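Below is one structure, written out as structure tokens, with a few remarks after it.
This is a predicted model, so every value here is computed, not measured. The figures here come from the full heavy-atom set of this structure, side chains too, leaving out hydrogens, waters and symmetry mates.
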Amino acid sequence: MATSAEPQLFLRFHGRILDSLGIQMYQSPVAAVAELIANAWDADAKVVTVTLPDRLDGAVELIVEDNGVGMTLEECQNFYLNVGRNRRAAGAAVSPSGRPVLGRKGIGKFAGFGIADVMHVETVSGVTGERTVFELDIRELRSDSYVDVTPRPVTMIDHDDADPTRTAQQGTTIRLRQLKLRTVRGAEAFAKHMARRFNLASQAADFVVTVNGFPLPEDVEPFPVQFDFPSDYEDGERPDGMTVSGGWGTETLPDGNTVRWRIRFSNTPIGAEEFRGVSVFCGVKIAQNPFFFNLSGGLGGQHGQQYLTGKVEADYLDRLSEDVITTERQRINWEEQDAAALLAWGQERLKQLLVIWKDRRARDKVSRLDARVEPFSDRLNRLPPSERDTIRKALVRIAQVEAIDDAQFGNLAGAVLTAWEGGRLHGLIDDISRMDQLEEGALIHLLAEAHVIGALHMAEIVDTRVGIIRGLERRIVDRELENAVRDFIAGNPWLIGPKWETFRIETSLNTFVAEALEQSQIDRDPDWTGRMDLVLRSGDQLLVVEFMRPGLTVDRDHLNRFRQYIQILRARLAGNTQLAIRQVTGLLVADNLSKRPDIMLEIESLGRDDMFCQEWRSLLASARAQWEDFMDAVADGAPDDPRVQALRSSATASIVDDVEDGAVEDGTAETFGTPITEVGQSPQ
């Protein structure tokens with residue numbers, strides 16, 4: 001209970017100076033609360049609990065509670081309310097438990113005024129059990145004098161004399177009231193931002209801080225780490241005299257002081273500016289917000305600054321006779337001679353790491369490209385050694401452009417290879433391979449050409465295939481090489497249509513196919529003599545093509561056996577799940593498909609069940625029409641390139657010539673049932 005004699009407390013320095021000490025320097029709630037947590041560290045607290053309000057209306061509070069040693073009434077007066085007291089000069093450079101103290105200027109206690117008008121303080125001494133409760137109101141403490149040495153009474157709320165039984169309740173609770181916040185940050189996000197200001201994982205295993213129950217995370221980098229230095233140094237890269245332990249490097253500066261550091265690079269740009277750069281810590285608390293040691297432009301790998309984050313522990317800065325850390329402990333005065341050695345070291349280390357990052361990223365890009373796009377290695381190896389070396393060097397130069405991501409690099413590298421193989425852009429590619437760095441003009445030229453090169457390459461493929469189909473159509477009309485046509489289709493499924501481009505012959509299912517043929521009795525029907533079945537697979541899709549003997553007229557019995565054959569095969573494959581076949585499509589190729597209504601209805605019914613019918617000539621004419629459409633799409637992607645447009649005209653002219661020669665009926669071949677182009681995949 002309160003004593004009979006009314007105790008009093010006085011603030012000796014007050015007035016407008018409090019605005020500078022609290023309001024102007026600690027307007028961020030994270031910065032303000034960080035100072036109160038630092039005070040708890042100096043008080044040997046083991047646990048600090050921060051409670052954020054969930055709203056800003058009404059009588060809400062922001063509370064910081066610790067279980068430190070607390071204060072007596074006398075200590076409140078002589079220490080806490082003595083503005084500007086340098087506890088280190090008074091011989092208290094370490095706490096009672098031996099912690100290096102953070103407080104030096106004696107003003108961090110007023111950080112709460114940056115976000116609140118009232119600071120309500122309750123403290124219990126762990127030595128005497130004395131309990132003191134008082135309140136500071138910035139509105140009452142202000143005066144017109146910047147410095148006023150006249151004692152100003154502090155509002156006493158309660159005081160209890162010493163009581164040894166109360167020492168177990170030791171600690172200090174500060175309640176910030178009349179908050180001046182505009183928004184309330186979520187507790188988890190607040191904890192992450194607070195963790196950026198403390199180095200607890202490395203130096204303070206016995207100091208736990210929670211925010212609304214969320215502990216301060218040990219690692220707050222919100223990104224996947226690609227490179228972690230010094231652990232990721234390779235042979236010949238590690239600085240002389242450096243030792244590595246637990247992922248941290250330790251080095252001795254030219255002035256004899258020691259620093260520990262760890263710097264990481266993300267594999268994507270770090271969006272939040274507060275996470276980019278290197279933070280400097282003295283003890284457990286930040287002394288320099290993330291920065292790049294004042295490096296200027298013209299650096300090798302300068303773009304890497306967007307990917308870099310790190311920590312440097314320079315505890316010695318807090319032990320210097322000259323105070324090189326600014327009042328709010330967020331910046332170091334790098335103009336001070338005592339900080340010069342650390343600044344020079346940081347600049348040298350960052351320059352080295354940025355160059356390594358640049359080279360490592362370029363190397364990794366090329367490596368990932370080879371792993372991701374297997375045909376590239378084969379294509380490179382088919383080139384003469386001198387050409388292969390030129391192309392590899394050009395790809396490395398392109399990979400060194402940090403702004404190009406992996407997907408863009410893969411597309412561009414593929415276009416470069418295609419251009420070289422086609423005899424195009426040799427001069428430009430050779431120039432790029434000789435550059436130390438890819439010049440902007442060369443990159444822009446290459447990007448512009450790459451798009452056209454891709455379209456031109458695809459247009460040449462389509463033009464060739466249209467020509468092949470045109471030739472085969474003539475053979476079909478003339479009844480020539482029927483078996484050769486079937487064999488060629490087996491090796492080139494794209495002849496059925498562009499969407500069957502990825503399908504390949506599947507021989508592992510021969511037993512299932514033979515059993516289905518026997519059960520459906522197709523192999524016993526004389527009308528199917530000489531026919532060839534073709535089984536193609538892409539992923540979990542199967543395409544079964546049945547070729548009937550040319551010249552036959554298809555009747556209902558033929559169609560029923562075809563249906564039965566596909567259904568039996570589906571059932572057998574469905575019962576063998578290890579084969580991973582999810583879809584079976586059937587295609588019947590024959591001559592003289594009947595135009596009788598009942599047969600037409602049966603063909604349409606088959607189509608609805610993924611079983612389609614086409615005539616020989618119709619099969620190729622339909623495929624040619626589809627490739628022509630594909631050519632239009634490709635050519636529309638490069639409307640200003642005369643080479644692509646010439647190929648489009650060539651393909652169109654070929655079709656017109658065929659129509660005029662009477663080799664085919666028209667450019668849109670008739671397909672019975674649902675068009676087979678709705679099934680499968682487009683060419684890659």
- [ ] Report the residues that fulfil salt bridge (Lys or Arg N to Asp or Glu O under 4.0 Å) with Glu348, sequence neighbours left out, ordered by chain and then residue number.
- [x] none
TODO: Can you label the angle between the Phe229 ring and the Phe227 ring as parallel, tilted or perpendicular, going by 30° and 60°?
DONE: tilted
- [ ] May I ask you to decide if Lys46's main-chain N or O and Asn67's side chain share a donor-acceptor pair within less than 3.5 Å?
- [x] yes
- [ ] Rounded to the nearest 0.5 Å, what's the gap from CD on Glu135 to CG on Asp158? Could you check?
- [x] 12.5 Å
Open item on the list: If I compare all heavy atoms of Gly114 with all of Lys180, which pair ends up nearest, and what's the gap?
Closed with: O-CE, 4.0 Å
Open item on the list: Applying side chain to side chain donor-acceptor pair (under 3.5 Å), can you list everything that pairs with Asp255, at least two apart in sequence or on another chain?
Closed with: Asn257
Donor-acceptor pairs are to be reported for all side-chain atoms of residues 51-59 against protein atoms at under 3.5 Å, with residues two or more places apart or in another chain.
from, atom 1, to, atom 2, distance (Å)
Arg55, NE, Asp57, O, 3.4
Arg55, NE, Asp57, OD1, 3.3

Task: Under the side chain to side chain donor-acceptor pair (under 3.5 Å) test, residues paired with Glu234 that sit two or more places apart - done: Arg363
Task: Gln288-Trp334 side chain donor-acceptor pair, cut-off 3.5 Å - done: yes
Task: Side-chain donor/acceptor of Gln347 to backbone N/O of Ala344, under 3.5 Å - done: no
TODO: Output, in order, the C-alpha distance, side-chain angles, deciding distance and verdict of side-chain contact (heavy atoms from CB on, under 4.5 Å) for His303 and Gln306.
DONE: CA-CA 6 Å; His303 186 70; Gln306 298 183 38; 3.2 Å; yes
Task: pair Pro230-Arg238: side-chain heavy atoms closer than 4.5 Å - done: no
Task: Heavy-atom closest contact (Leu176 atom, Gly112 atom, distance) - done: CD2-CA, 3.9 Å
- [ ] Not counting sequence neighbours, which residues clear salt bridge (Lys or Arg N to Asp or Glu O under 4.0 Å) with Arg276? List them please.
- [x] none
- [ ] Starting from the C-alpha separation in whole Å, work towards a yes-or-no answer on side-chain contact (heavy atoms from CB on, under 4.5 Å) for Phe198 and Ile37.
- [x] CA-CA 10 Å; Phe198 290 92; Ile37 293 174; 3.6 Å; yes
Task: Approximate separation, where rounding is to 0.5 Å, of Leu343 CG and Leu253 CG - done: 11.0 Å
- [ ] Would you please classify the geometry between the Phe265 ring and the Trp357 ring as parallel, tilted or perpendicular, with 30° and 60° separating the classes?
- [x] parallel
Open item on the list: With rounding to the nearest 0.5 angstrom, report the CG to CG distance, Asn78 to Leu9.
Closed with: 10.0 Å
TODO: For the pair Arg99 (side chain) and Trp41 (backbone), establish whether a donor and an acceptor sit closer than 3.5 Å, ignoring hydrogens and angles.
DONE: yes
Open item on the list: Check Asp42 with Lys285, please: is the shortest side-chain N to carboxylate O separation under 4.0 Å?
Closed with: no
Task: Partner residues of Gln170 under the side chain to side chain donor-acceptor pair (under 3.5 Å) criterion, sequence neighbours left out - done: none
TODO: Compare all side-chain heavy atoms of Glu35 with those of Phe110 and state whether any distance is below 4.5 angstrom.
DONE: no
Open item on the list: Less than 4.5 Å apart, side chain to side chain, heavy atoms only: is that true for Leu308 and Phe292?
Closed with: yes
Open item on the list: Could you report the tightest heavy-atom contact between Pro239 and Gln352, atom names first, then the distance?
Closed with: CG-OE1, 4.2 Å
Task: salt bridge (Lys or Arg N to Asp or Glu O under 4.0 Å) against Asp137, all qualifying residues, sequence neighbours excluded - done: Arg139
Open item on the list: Working to the nearest 0.5 angstrom, can you tell me the gap between Leu350 CG and Leu295 CG?
Closed with: 5.5 Å
TODO: Compare all side-chain heavy atoms of Ile325 with those of Cys282 and state whether any distance is below 4.5 angstrom.
DONE: yes
Task: Working for side-chain contact (heavy atoms from CB on, under 4.5 Å), residues Gln77 and Thr132 - done: CA-CA 11 Å; Gln77 179 62 75; Thr132 305; over 6 Å; no
TODO: Considering non-hydrogen atoms only, spot the tightest contact between Trp261 and Trp345 and give its length.
DONE: CD1-CZ2, 3.4 Å
Open item on the list: Rounded at 0.5 Å granularity, tell me how far CG in Leu216 sits from CZ in Phe190.
Closed with: 9.0 Å
Task: Residues which pass ring-ring contact (aromatic ring centres under 6.0 Å, His included) with Phe293, listed by chain and number, not counting sequence neighbours - done: Phe291
- [ ] For residues Pro100 and Arg319, determine if any side-chain heavy atom of one lies less than 4.5 Å from a side-chain heavy atom of the other.
- [x] no
Open item on the list: Name the residue from Thr123, Val154, Val121 that meets the side chain to side chain contact (heavy atoms under 4.5 Å, CB included) definition with Tyr80.
Closed with: Val121
Task: For Ser266, all residues meeting side-chain contact (heavy atoms from CB on, under 4.5 Å), sequence neighbours excluded - done: Phe223, Thr268, Ile270
- [ ] Locate the shortest heavy-atom distance separating Gly246 from Arg262; write the atom from each residue and the value.
- [x] O-NH1, 4.0 Å
TODO: For Ser125 and Glu130, indicate whether the former's side chain and the latter's backbone hold a donor-acceptor pair under 3.5 Å.
DONE: no
Open item on the list: If I compare all heavy atoms of Ala191 with all of Pro215, which pair ends up nearest, and what's the gap?
Closed with: CB-O, 4.1 Å
- [ ] Please confirm whether the backbone N or O of Asp44 pairs with a side-chain atom of Ser95, one donor and one acceptor, at under 3.5 Å?
- [x] no
Open item on the list: Show, in sequence, the C-alpha distance, side-chain angles and deciding distance for Val50 and Leu36, and conclude whether the side-chain contact (heavy atoms from CB on, under 4.5 Å) test is met.
Closed with: CA-CA 10 Å; Val50 179; Leu36 302 182; over 6 Å; no
Task: Partners passing salt bridge (Lys or Arg N to Asp or Glu O under 4.0 Å) against Glu251 (at least two apart in sequence or in another chain) - done: Arg349
TODO: Decide yes or no for Tyr233 and Ile356: does some side-chain heavy atom of the first lie under 4.5 Å from some side-chain heavy atom of the second?
DONE: yes
TODO: Check side chain to side chain donor-acceptor pair (under 3.5 Å) between Arg360 and all other residues, then give those that pass, not counting sequence neighbours.
DONE: Glu237
- [ ] Quick one: list whatever passes ring-ring contact (aromatic ring centres under 6.0 Å, His included) with Phe214, sequence neighbours left out.
- [x] none
Task: Any donor-acceptor N/O pair, Asp315 side chain to Gly283 backbone, under 3.5 Å - done: yes
Task: Distance, nearest 0.5 Å, that separates NE2 of His120 from CG of Leu136 - done: 10.5 Å
